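Below is one structure, written out as structure tokens; the observations come after it.
Just so it is clear, the model here is predicted, and its values are computed rather than measured. Residue numbers run from 1 in the order of the sequence given. These numbers come from the heavy atoms of this one structure, side chains and all, not from hydrogens, waters or symmetry mates. Counting starts at 1 for both ligands and their atoms, in listed order.
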Amino acid sequence: MDRSGRIFAILLVLGVVLQSAVATTYVVGDSFGWAVPNNSSTYSDWVSGKTFMVGDILTFNFVTDEHDVLEVTKESYEGCKSTNNISSLITTGPANVNLSSTGEHYYICTVGRHCQNSQKLSLNVSASSTSSPSPSSGPTSQTTPPPPSSSGSFVFANVFVSVLSIVLCILV
Ligand SMILES: *[C@@H]1O[C@H](CO)[C@@H](O)[C@H](O)[C@H]1NC(C)=O
Ligand SMILES: *[C@@H]1O[C@H](CO)[C@@H](O)[C@H](O)[C@H]1NC(C)=O
Ligand SMILES: *[C@@H]1O[C@H](CO)[C@@H](O)[C@H](O)[C@H]1NC(C)=O
Ligand SMILES: *[C@@H]1O[C@H](CO)[C@@H](O)[C@H](O)[C@H]1NC(C)=O
Ligand SMILES: *[C@@H]1O[C@H](CO)[C@@H](O)[C@H](O)[C@H]1NC(C)=O
Ligand SMILES: [Cu+2]
């Protein structure tokens with residue numbers, strides 16, 4: 001491997017390492033958004049294959065007053081009940097929700113029978129690779145959110161490294 005190849009390889013590895021520290025924003029349901037689906041597996045299909053980390057953000061895309069978002073316990077999720085809420089009701093869309101603790105998180109829409117009609121989302125959050133693992137939160141306990149990560153500077157660093165690698169490959 002020649003010199004520029006080596007430099008490129010090093011920078012590529014650096015970029016991948018930095019990338020893994022960047023918080024991810026997920027748009028719930030992708031282009032379908034947060035609405036009553038025509039299929040009971042729409043949101044479980046959406047979750048499947050994704051790995052959610054502490055620090056990641058969920059964007060619930062919905063029109064204000066048509067839907068809402070409430071984080072509840074597993075029991076309330078299964079029974080579509082608004083009791084035992086873990087968050088306060090989010091009524092303004094689109095809404096960002098921070099995944100600030102590990103473990104299972106359950107979200108429902110409390111409008112009409114939307115939840116009964118499968119407008120509900122459950123997912124499992126893993127400890128982020130860059131922070132020390134925090135204990136899984138039970139239904140009534142909530143772990144303190146980790147200190148704000150410097151994801152902005154990580155994004156910048158990653159862009160910087162990518163640009164640098166391209167420039168070096170042209171010049172070297
Ligand atoms: C169900 O919804 C999906 C979007 O999630 C859409 O692509 C599909 O055409 C719909 N199917 C029916 C039968 O309405
Ligand atoms: C619901 O989605 C699943 C998985 O994508 C699919 O196998 C099934 O046929 C769908 N059912 C309906 C009624 O569209
Ligand atoms: C549950 O909902 C009520 C009413 O919206 C709110 O006052 C309360 O703070 C919520 N509980 C939590 C833990 O957010
Ligand atoms: C979510 O986290 C971001 C930074 O990661 C912060 O700016 C924002 O205020 C947080 N939002 C909530 C609702 O905690
Ligand atoms: C969530 O993750 C934890 C730890 O990785 C695991 O023990 C638990 O079974 C998972 N829950 C679900 C519903 O997959
Ligand atoms: Cu709804």
Side-chain angles (χ1 to χ4, degrees), residues 16 19-156 158:
V16 168
Q19 187 76 62
S20 66
V22 172
T24 309
T25 298
Y26 294 96
V27 177
V28 175
D30 296 319
S31 59
F32 179 70
W34 183 238
V36 181
N38 61 20
N39 191 318
S40 61
S41 68
T42 295
Y43 289 112
S44 53
D45 286 349
W46 178 80
V47 163
S48 126
K50 295 185 172 67
T51 304
F52 300 93
M53 301 288 204
V54 168
D56 288 349
I57 294 165
L58 296 179
T59 299
F60 288 87
N61 248 335
F62 64 97
V63 177
T64 302
D65 293 337
E66 284 185 13
H67 303 284
D68 57 28
V69 180
L70 186 68
E71 183 174 0
V72 293
T73 58
K74 182 180 189 179
E75 290 68 30
S76 293
Y77 167 87
E78 278 162 1
C80 283
K81 296 190 176 73
S82 309
T83 48
N84 299 321
N85 56 310
I86 288 168
S87 71
S88 48
L89 188 67
I90 301 170
T91 55
T92 307
N96 284 340
V97 169
N98 289 355
L99 297 174
S100 55
S101 63
T102 58
E104 293 156 28
H105 292 252
Y106 300 91
Y107 303 91
I108 64 170
C109 174
T110 72
V111 174
R113 291 183 57 81
H114 293 190
C115 175
Q116 286 85 348
N117 290 316
S118 304
Q119 192 182 2
K120 59 200 309 204
L121 171 73
S122 69
L123 49 82
N124 206 359
V125 179
S126 315
S128 90
S129 49
T130 48
S131 67
S132 54
S134 51
S136 172
S137 67
T140 51
S141 74
Q142 264 218 306
T143 51
T144 32
S149 73
S150 53
S151 59
S153 57
F154 272 121
V155 172
F156 173 75
N158 198 36

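Rounding to the nearest 0.5 Å places CD1 of Ile86 at 8.0 Å from NE2 of His105. Once rounded to the nearest 0.5 Å, the distance linking CG of Leu123 with CG of Leu58 reads 5.5 Å.
For atom 9 (O) of ligand 3, the nearest non-hydrogen atom of the protein is Ser88 CB, 4.6 Å. Here the heavy atom of the protein found nearest to atom 4 (C) of ligand 3 is Asn85 ND2, 4.6 Å. Protein heavy atom at the shortest distance from atom 5 (O) of ligand 2 is Asp45 OD2, 3.3 Å. The single protein non-hydrogen atom nearest to atom 13 (C) of ligand 3 is Ile86 O, 3.2 Å, given as residue, atom name and distance. Protein heavy atom nearest atom 11 (N) of ligand 2, with residue, atom name and distance: Asn39 ND2, 2.8 Å.
Centroid-to-centroid, the aromatic rings of Tyr77 and Tyr107 stay 6.0 Å apart or farther.
With a heavy-atom cut-off of 4.0 Å, Asn38 does not touch ligand 2 at all.
Excluding waters, the protein N/O/S atoms found under 2.8 Å from the Cu ion (ligand 6) are His67 ND1, Cys109 SG, His114 ND1, Gln119 OE1.
For Val111 against His67, the heavy-atom pair with the smallest separation is CG2-CA, 3.9 Å. Closest heavy-atom contact between Lys120 and Glu78: NZ-O, 3.9 Å. Of all heavy-atom pairs between Val54 and Ser101, the closest is CG2-C, 3.9 Å.
Residue contact check: Ser41 has heavy atoms under 4.0 Å from atoms 1 (C), 2 (O), 3 (C), 4 (C) of ligand 2.
In this structure, atom 7 (O) of ligand 3 has its sub-4.0 angstrom surroundings free of protein heavy atoms. Closer than 4.0 Å to atom 2 (O) of ligand 3 lies at least one heavy atom of the protein.
Contact annotation: the side chain of Asn124 never approaches that of Val47 to less than 4.5 Å [non-hydrogen atoms, C-beta and beyond]. Within the 4.5 Å cutoff, side-chain heavy atoms of Tyr43 are placed close to those of Pro37.
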Which pairs would a plain distance check flag for residues 25-34, meaning a side-chain donor or acceptor within less than 3.5 Å of a matching protein atom at least two apart in sequence or in another chain?
from, atom 1, to, atom 2, distance (Å)
Tyr26, OH, Thr51, O, 3.2
Asp30, OD1, Trp46, NE1, 3.3
Asp30, OD2, Trp46, NE1, 3.4
Trp34, NE1, Asp68, O, 2.8

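Across the pair Cys80 and Cys115, the gap between the SG atoms, which is the quantity tested here, stays under 2.5 Å.
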